[in-house]
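These notes concern the structure reproduced below.
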Number of protein chains: 2
Amino acid sequence: MSQPGKDTKSQRRQPLERRVIAEKALELIDSDGLETLSMRRLGTALGVEAMTLYHHFRNKAELLDGVLELLVEEMEVGLVESDPPLKRLRRVFENIRQIAIRHPSAYVLVATRRFRTIATLEFYERLLQTFREAGFNAEASARYFRVLAGFVNGAGLAEVGSRGLQPDATAIILEDFSDSENFPRVTEVVPHLRVTKLDRIFAFGLDLIFSAMEMELRGLGQTACE
Amino acid sequence: MSQPGKDTKSQRRQPLERRVIAEKALELIDSDGLETLSMRRLGTALGVEAMTLYHHFRNKAELLDGVLELLVEEMEVGLVESDPPLKRLRRVFENIRQIAIRHPSAYVLVATRRFRTIATLEFYERLLQTFREAGFNAEASARYFRVLAGFVNGAGLAEVGSRGLQPDATAIILEDFSDSENFPRVTEVVPHLRVTKLDRIFAFGLDLIFSAMEMELRGLGQTACE
DNA sequence: ACCTGAACACCGTTCAAGT
DNA sequence: ACCTGAACACCGTTCAAGT
């Protein structure tokens, strides 16, 4: 993922610049929200004219892809190469949820943008390689990848929501909701959905999926319990 | 959900207007994408000055909540009251995925906005009531609601992505991706993630979760198979 | 009660011009 | 090669004014 050396500061400056710009953009999103990020504000924060940014990114969409790449990097932190494949896979999906917690305002980029840059494709490649090492063929890899990614993305967005950080928070704050007269069911369930309970629920969901994966690897179908 | 009568056209015009505006907004989102919806364009489409809309919605966020309410209505279509609770629940979550397919550009509203209007809270109330009728207590309802909603939302966004309709489609189109030299794993998995395969994968994921629900209702823990 | 038009403070992006 | 500043065609929203 890196070949150091032959990298004098003046020579390889462009990729470095891109990264510095994307990092500042992520910083601004973290502090002020995704909605308020603009090329003009980002330029100002970097002490540069807004239009200068277009020299490094073709447009705002490409800049956001740059921010996404920073988040994707975080998906592989702490991976232990010697760990069994299923354990490494679980770690990746737990990391993705952590991104939702650490970068709630930026997480929507993970959930809604497709991964179509080289760096993000390389991440997919390594991830799918791990599925294969676990013993899944292409079909099963696709299936569990989709199920896991779907679940984790939805869980991540819920995490963002529970922290009250999605666009334009107003009116009812669900966390403290209480109206047992008109909404008895909502009122009794809300305490079980507080931010502090989401850890356990997320683990429960992952357990569900990873149990199915283990069973399938052992040659038992999903309904083997019946 | 409706008490007709005492509803002369002139008397109850405001709520009707709101709905007409929201419906036109959804129409514009469906045809041109969420990004390009603006108060000005919506006004023009309705043959009215943009600023008139502010008489019916306090701001754009409230308008988007109005659009969300239209989508939430679609989540309960085709529900058969006499069906067993688990079957009704499954139907709701299948409907949610159908919304992602029918309104791909609008679906991000479902996935990223919190439900905080009266109408959406009423939907939650009915949904959680169904969990209770199935036999779940508040804790289990919260847990399976979160897991199901997470999975379905993530799956919905994937559905949107696979249809190439998220913000600013460029560069690599994953559906036709092929580069077995540099990305062998991605290349072999991509055919299994085509739009035509997502039906089966979605059903597989739902089966996983609903099997766990059935087992828990029968008093068997999640790991009862071991 | 409902709608308008001008105005304010912003956007993303293009382009010709500077060094 | 890199940056700038003016300009274009937009935004959401406020507000005083119209009927």
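Each chain gets a letter, A, B and so on, in the order the sequences are listed, and its residues count up from 1.
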- Query: A:Tyr54 has an atom OH; how far is it from atom P of C:dG12, in whole Å?
  - Reply: 6 Å
- Query: If pairing requires Watson-Crick or G-U wobble contacts with both distances under 3.5 Å, which nucleotide is the partner of D:dA9?
  - Reply: none
- Message: Nearest to the B:Arg40 side chain among D:dC2, C:dA7, C:dT14, which nucleotide is it?
- Response: C:dA7
- Message: Going by purine N1 to pyrimidine N3 plus the second Watson-Crick contact, or the G-U wobble pair, all under 3.5 Å, which nucleotide sits opposite C:dA16?
- Response: D:dT4
- Message: From NE2 of B:His55 over to P of C:dA1, roughly how many Å is that when rounded to an integer?
- Response: 8 Å
- Task: Assess B:Arg90 against B:Phe210: is NZ or CZ under 6.0 Å from the centre of the six-membered ring, and within 45 degrees of the ring's axis?
- Result: yes
- Euclidean distance, atom CG of residue A:Leu53 to atom P of C:dC15 [Å, nearest integer]: 18 Å
- Query: In whole angstroms, how far is the C1' atom of D:dC3 from the CD1 atom of A:Ile21?
  - Reply: 12 Å
- Message: In whole Å, I'd like the distance from the NZ atom of A:Lys60 to the C1' atom of D:dC10.
- Response: 14 Å
- Cationic N near anionic O, under 4.0 Å, A:Glu76 to A:Arg88: no
- Task: Report, as yes or no, whether the 6.0 Å neighbourhood of atom CZ on A:Arg200 holds more than 12 heavy atoms from other residues, nucleotides or ligands.
- Result: no
- Item | d(CD, B:Glu49; P, C:dA6) in whole Å | 9 Å
- Message: Could you tell me how far apart A:Asp32 (CG) and C:dC10 (P) are, to the nearest whole angstrom?
- Response: 14 Å
- Query: With rounding to whole Å, what would you report as the distance between C:dA1 and D:dA17 at their C1' atoms?
  - Reply: 15 Å
- Whole-Å distance, A:Leu42 CG to C:dC11 P, equals 11 Å
- Using distance alone, with no hydrogens and no angle criterion, decide if A:His103 and A:Glu74 have a side-chain donor and acceptor under 3.5 Å apart. yes
- Message: Can a side-chain donor-acceptor contact be found between B:Glu69 and B:Thr120 if the only test is distance below 3.5 angstrom?
- Response: no
- Query: Which nucleotide, D:dG12, D:dT4, C:dC3, lies nearest any side-chain atom of A:Val48?
  - Reply: D:dT4
- Nearest to the side chain of B:His56, which nucleotide is it out of C:dG12, C:dC3, D:dT13? C:dC3
- Task: Just call it for B:Met51: base, sugar-phosphate, or nothing, with non-hydrogen atoms closer than 4.0 Å on any strand.
- Result: base
- Query: When all nucleic acid strands are considered with a 4.0 Å heavy-atom cut-off, which category describes A:Leu63: base, sugar-phosphate, or nothing?
  - Reply: nothing
- Could you tell me whether B:Leu37 contacts a base, only the sugar-phosphate backbone, or nothing, with contacts defined as non-hydrogen atoms closer than 4.0 Å? sugar-phosphate
- Query: So what does A:Thr52 hit on the nucleic acid, given a heavy-atom distance under 4.0 Å: a base, only sugar-phosphate, or nothing?
  - Reply: base
